[in-house]
Structure formats: C-alpha cells, structure tokens
Amino acid sequence: MTLVEASIRDQVNHDLDCSEASYRLMAMRAEVTELIGRWKAAGGGDQLPTVRERLSRSYADRPAATLKSDGSKPGKGRPAAGQSHART
C-alpha cells in the first residue's frame, strides 16, 4: 500500500492522472478492513500494532551489520558464487 501511496503522491506532484492508482489503493484498504473484520469475528481481540511500531520492531529484529576487515560494507562489491548483478 505504501508503494501505491507514493506513486499517487508522485503522480499528483507531476500533475498526472492518479485515478487508477487511487482506485487500487481504495480496493487495498477495503480488503484490509475486511480482513480485520474477519480476524475480529474469529476472536481476535489483541491490539494490532501501528505501522510505526511494526517497522521499528522489524528493524530491531534484524541482525547488526558488521564491516569486513578490508573496510568495505557487507553486500557490496563482487557477487557471491552463483549470483549475478542482473535482475530478473
């Protein structure tokens, strides 16, 4: 949903028609509302985390990155064996 929202903001900033993206976003929001309703009907009563809480929790769960001994950042440079720079 955040990607669609960003797309809408970008389209509005460039004076483009954002009606298609807006319809997709409204459909996504309706689906989330329906899923939450089903969850509550099934006995879900816990408080759902806010986006900020969820993102901070996800970030805190990631392992800390360590620098290589040559000073370069991990994940940069040559790809590991069997990997290529091409995206699919």
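Numbering starts at 1 and runs along the sequence shown.
No side-chain donor-acceptor contact under 3.5 Å links Ser7 to the backbone of Leu3. In this structure a side-chain-to-backbone donor-acceptor pair under 3.5 Å is missing from Asp10 to Ala6.
The same ILVMFWY cluster, assembled from side-chain heavy atoms under 4.5 Å apart, contains both Ile36 and Leu25. No continuous path of ILVMFWY side-chain contacts below 4.5 Å connects Tyr23 to Ile8, so the two sit in separate hydrophobic clusters. Both Trp39 and Met1 belong to a single network of hydrophobic side chains, linked directly or stepwise wherever heavy atoms of I, L, V, M, F, W or Y lie under 4.5 Å apart. Two different hydrophobic clusters hold Met26 and Met28 under the rule that ILVMFWY side chains link at heavy-atom gaps under 4.5 Å.
Side-chain contact between Gln11 and Asp17 is absent, with no heavy atoms from C-beta onward closer than 4.5 Å.
Closest approach of Ala21 and Val4 over heavy atoms only: O-CG1, 3.4 Å.
Screening residues 18-34 for salt bridge (charged side-chain N to carboxylate O under 4.0 Å, His left out) gives Glu5-Arg29, Glu34-Arg38 as the qualifying pairs, with residues at least two apart or on separate chains.
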